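Could you have a look at this structure, given as C-alpha cells, before my questions?
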2 protein chains.
Amino acid sequence: MKEQQKLTEEKIFDAAVAVFEEKGLAGARMQEIADKAGINKALLHYYYRTKEKLFDAVFEHMAGFMFNKLFGCLDQKLPWKEKVALFYKEHISFLQSHPILPAFLLNEINQHPERISRFFTSERITLLRQNLFDQLEEDMKQNRMMRMDKMQLLINLIALSVFPFAAKGLLEKLLEQENITFDEFIEKRKKELPGLVINSVKIR
Amino acid sequence: MKEQQKLTEEKIFDAAVAVFEEKGLAGARMQEIADKAGINKALLHYYYRTKEKLFDAVFEHMAGFMFNKLFGCLDQKLPWKEKVALFYKEHISFLQSHPILPAFLLNEINQHPERISRFFTSERITLLRQNLFDQLEEDMKQNRMMRMDKMQLLINLIALSVFPFAAKGLLEKLLEQENITFDEFIEKRKKELPGLVINSVKIR
DNA sequence: GTCTATAGAAGGATAGAC
DNA sequence: GTCTATCCTTCTATAGAC
C-alpha cells in the first residue's frame with residue numbers, strides 16, 4: 001500500500017537520477033531506467049506520465065540540491081578568509097560525493113537555460129549581495145583585499161572547484177599520463193585552493 | 001564535378017558542426033542537419049555513411065581545433081608573466097569566436113573519454129612538460145613564484161577561462177539579474193585574469 | 001499497483017529513379 | 001551526385017488483463 005508505493009516511486013526516481021546524470025535527457029532511455037529500477041516501462045509512465053515529466057522531477061531535485069549547497073556555504077556569516085576555507089572544504093566534499101552532477105547540470109542548463117530561472121530569482125541574488133558582496137565591498141574599502149569586480153570573483157571561486165568535475169573525463173585522460181588519479185588530484189586541490197584564492201586578491 | 005562535390009560535402013560538414021555543437025550527438029537529428037545544409041537526408045548518408053561517422057568527423061575536427069589552439073598558446077617560449085598574458089589574450093579571443101565549443105567538447109568527452117586519447121598522447125604531454133612545466137620549475141627554484149603543483153596550476157589557468165563558457169547558459173541567467181551581458185562579462189575578464197593569476201602565485 | 005503486449009511516432013538508413 | 005519514397009529499428013506511450 002502507501003509504504004510500498006513510496007518505495008516503487010523512489011526506486012524509479014533514483015534510477016532516473018542515475019541514468020539521466022550519466023546520459024542526459026536526450027541520451028537516456030526509459031527502458032534503461034526501468035531495468036535499473038527493477039520494474040517495467042509501463043510503471044514509469046504510471047508514476048510520471050512522460051519522459052519529460054520524469055526528467056523535470058530529476059532536474060529540479062538535483063539542481064536544488066546543488067545550488068542550495070553552493071549558496072549555503074557562501075551565505076554563512078564569516079570573515080572572508082574563513083568563508084573561502086569553509087566553502088572549498090564543504091563544496092568540494094559535496095562534489096566528491098556527486099562527481100558527475102556538475103557536467104549533467106551545466107549541459108542541461110545550456111540546453112534549456114529557462115529551467116534554472118526558478119533558482120536564480122531576484123530574491124536569491126539579493127541574498128547573495130547581502131551575504132557576500134556587501135562583505136567583500138567592506139573588505140575592499142578597508143584595504144583588506146584588492147578591489148575587483150565581485151561577480152568575477154564569485155565566478156573565479158566556483159570555476160576553480162567546479163571545472164575539474166565538469167571536465168572529469170578530459171582531466172582523467174590528462175592525469176593518466178602523470179600516473180595520478182582524479183581523486184588524488186582533487187584531494188590535493190581541496191587543500192591548496194583556499195590559500196591560492198586568498199593570495200590572488202591580497203594587497204602587497 | 002570535383003568543385004561542386006567539395007561544396008556539398010562542406011555544406012554538410014558545416015551544418016553538422018552547428019547542429020552537433022548545439023544539440024550534442026544524442027540530441028542531434030539528421031533531418032535538421034540536412035535542412036540546415038539545404039539538402040536531403042539521403043545525401044548525408046551518401047557522404048558520411050552513418051550519423052556516428054559524421055559525428056566522428058565533426059568531433060575530431062573541433063577537438064583538434066580547440067586543443068591545438070590551447071596548447072599552441074602555452075608552447076610559446078616566453079617568460080611566465082608574458083605567457084599568461086598571451087594565453088588569456090589569445091585563448092579567450094578564440095573562445096569568444098566559439099562560445100559553445102567548450103560545453104560541446106566537455107560533454108562529449110565525458111560521454112566517451114576515449115575519443116580524446118589521440119590528442120593527449122605521451123608525446124603531447126612530454127612537449128607540455130618541456131615547454132611549460134620545466135619553465136615553471138625553474139621559476140620556482142629561483143623563487144620567482146610560489147612553489148606548487150604544476151598540473152594544478154595549469155588546470156587553474158584553464159578553469160578560469162573555460163568555465164564561464166562551459167557554464168554560459170547558467171552565467172547568462174545570473175548576469176541577467178545584474179543587467180550585464182555575457183560579452184561584457186568576458187571582455188572584462190580578459191583584462192583582469194592575467195594580473196589575478198600572476199598575483200595568485202606571487203611570493204610576498 | 002504491476003505486468004504483458006502492442007500501438008504509434010520518430011529517426012536512421014537504403015533502394016532505385018533521374 | 002541528388003532526389004523521392006520507403007524500409008526498419010528504436011523508443012515513447014497506452015490498452016487491458018490480473
Side-chain angles (χ1 to χ4, degrees), chain A residues 1-62 104 107-108 110-112 114-115, chain B residues 1-62 104 107-108 110-112 114-115:
Chain A
M1 35 227 73
K2 198 74 191 300
E3 197 48 28
Q4 176 57 24
Q5 174 177 348
K6 189 66 196 298
L7 278 174
T8 302
E9 191 163 352
E10 234 169 47
K11 275 194 299 184
I12 292 175
F13 189 82
D14 293 347
V17 166
V19 175
F20 280 132
E21 256 198 352
E22 192 187 331
K23 306 276 175 73
L25 171 56
R29 294 295 164 250
M30 293 297 264
Q31 185 63 61
E32 189 180 351
I33 296 175
D35 291 347
K36 184 156 289 189
I39 49 107
N40 61 19
K41 274 194 297 178
L43 260 194
L44 296 183
H45 291 95
Y46 175 79
Y47 282 101
Y48 290 93
R49 285 288 295 165
T50 69
K51 184 186 180 186
E52 293 275 331
K53 287 197 204 313
L54 176 53
F55 178 82
D56 286 346
V58 167
F59 180 86
E60 186 87 349
H61 183 261
M62 298 316 278
F104 165 68
N107 192 49
E108 300 300 339
N110 281 328
Q111 232 41 233
H112 293 285
E114 67 280 5
R115 279 194 206 280
Chain B
M1 35 228 69
K2 198 75 190 300
E3 196 49 27
Q4 176 56 24
Q5 174 177 348
K6 188 66 196 298
L7 279 174
T8 302
E9 191 163 352
E10 236 169 44
K11 276 194 297 183
I12 292 175
F13 189 81
D14 292 347
V17 167
V19 175
F20 280 133
E21 255 199 352
E22 194 188 329
K23 308 276 176 73
L25 171 56
R29 294 295 165 250
M30 293 298 264
Q31 186 62 60
E32 189 180 352
I33 296 175
D35 291 346
K36 184 157 286 190
I39 48 105
N40 59 23
K41 272 195 299 178
L43 261 192
L44 296 183
H45 291 95
Y46 175 79
Y47 281 102
Y48 290 94
R49 285 287 297 165
T50 69
K51 185 187 182 186
E52 292 276 329
K53 287 197 205 311
L54 176 53
F55 178 83
D56 285 347
V58 167
F59 180 87
E60 185 87 350
H61 182 261
M62 299 315 278
F104 165 68
N107 192 50
E108 298 302 337
N110 281 328
Q111 230 45 231
H112 292 286
E114 67 282 3
R115 280 195 205 280

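Just so you know, these numbers use all the heavy atoms, side chains as well, and skip hydrogens, waters and symmetry mates. Every value quoted in this text rests on a predicted model; they were computed, and no experiment measured them. Labels below follow one simple rule: chain letters A, B, ... track the order of the sequence lines, proteins then strands, and each chain is numbered from 1.
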Measure the distance from CZ on B:Phe20 to C1' on C:dG11 and round it to the nearest whole Å.
->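 Distance, rounded to whole Å: 13 Å.
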
Find the distance B:Gln31:CD to C:dA9:P and express it as a whole number of Å.
->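 Atom CD in B:Gln31 sits about 18 Å away from atom P in C:dA9.
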
Less than 4.5 Å apart, any side-chain heavy atom of A:Asn110 and any of B:Asn107?
->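 No, side chains not in contact.
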
Interface polar pairs with nucleotides 3-8 of chain D, N/O, under 3.5 angstrom:
unit_1	atom_1	unit_2	atom_2	d
D:dC3	O5'	B:Asn40	ND2	3.3

Apply side-chain contact (heavy atoms from CB on, under 4.5 Å) to the pair B:Glu60 and B:Arg115, showing each step before the final yes or no.
-> CA-CA 8 Å; B:Glu60 185 87 350; B:Arg115 280 195 205 280; over 6 Å; no

Aromatic ring centroids of B:Phe20 and B:Phe55 under 6.0 Å?
->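 For B:Phe20 and B:Phe55, the ring centres are under 6.0 Å apart.
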
Grab the CE-P distance between B:Met30 and D:dT9 for me, whole Å please.
->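 So the two atoms are 18 Å apart, to the nearest Å.
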
Within the pair B:Tyr46 and D:dT2, is there a side-chain N or O less than 4.0 Å away from OP1 or OP2?
->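 For D:dT2, OP1/OP2 do not have a side-chain N/O of B:Tyr46 under 4.0 Å.
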
Taking side chain as C-beta onward, heavy atoms only, is B:Val17 less than 4.5 Å from B:Phe13?
->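 Heavy-atom side-chain distance check passes, below 4.5 Å.
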
Are the side chain of A:Lys53 and the backbone of A:His45 linked by a donor-acceptor contact shorter than 3.5 Å?
->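 Checking the backbone N and O of A:His45 against the side chain of A:Lys53, no donor-acceptor pair under 3.5 Å is found.
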
Would you please indicate yes or no on a ring centroid separation below 6.0 angstrom for A:Phe59 and A:His112?
->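 Distance test on ring centres: not under 6.0 Å, no.
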
For A:Lys23 and D:dC11, give me the distance from atom NZ to atom P, rounded to whole Å.
->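 Answer to the nearest Å: 10 Å.
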
Contact residues, residues 48-55 of chain A to DNA chain C [heavy atom, < 4.0 Å] |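 Residues of residues 48-55 of chain A under 4.0 Å from DNA chain C: none.
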
Between A:Lys51 (side chain) and A:Leu25 (backbone), is there a donor-acceptor pair under 3.5 Å?
->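 Such a contact is found between A:Lys51 side chain and A:Leu25 backbone.
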
Under 6.0 Å from the CD atom of B:Glu114, do we count more than 12 heavy atoms belonging to anything else shown?
->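 Count over threshold, so yes.
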
So what does B:Ala28 touch, heavy atoms closer than 4.0 Å: a base, only the sugar-phosphate, or nothing?
->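 The answer is sugar-phosphate, as B:Ala28 gets under 4.0 Å only of primed atoms, P, OP1 or OP2.
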
Could you state the atom-to-atom distance from CD of B:Glu9 to C1' of D:dT2 in whole Å?
->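 Computing the B:Glu9:CD to D:dT2:C1' distance gives 14 Å.
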
So which heavy atom on B:Asn40 is nearest to which on B:Ala34, and how close?
->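 Heavy-atom minimum between the residues: C-CB, 3.7 Å.
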
Under-4.0 Å side-chain N/O to phosphate OP1/OP2 contact, A:His45 with D:dT14 =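 Result: no.
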
d(CD1, A:Ile33; P, D:dT10) in whole Å =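 Going from A:Ile33 (CD1) to D:dT10 (P), I get 18 Å.
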
Can you tell me how far P of D:dG1 sits from CG of B:Leu44, to the nearest Å?
->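 Computing the B:Leu44:CG to D:dG1:P distance gives 14 Å.
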
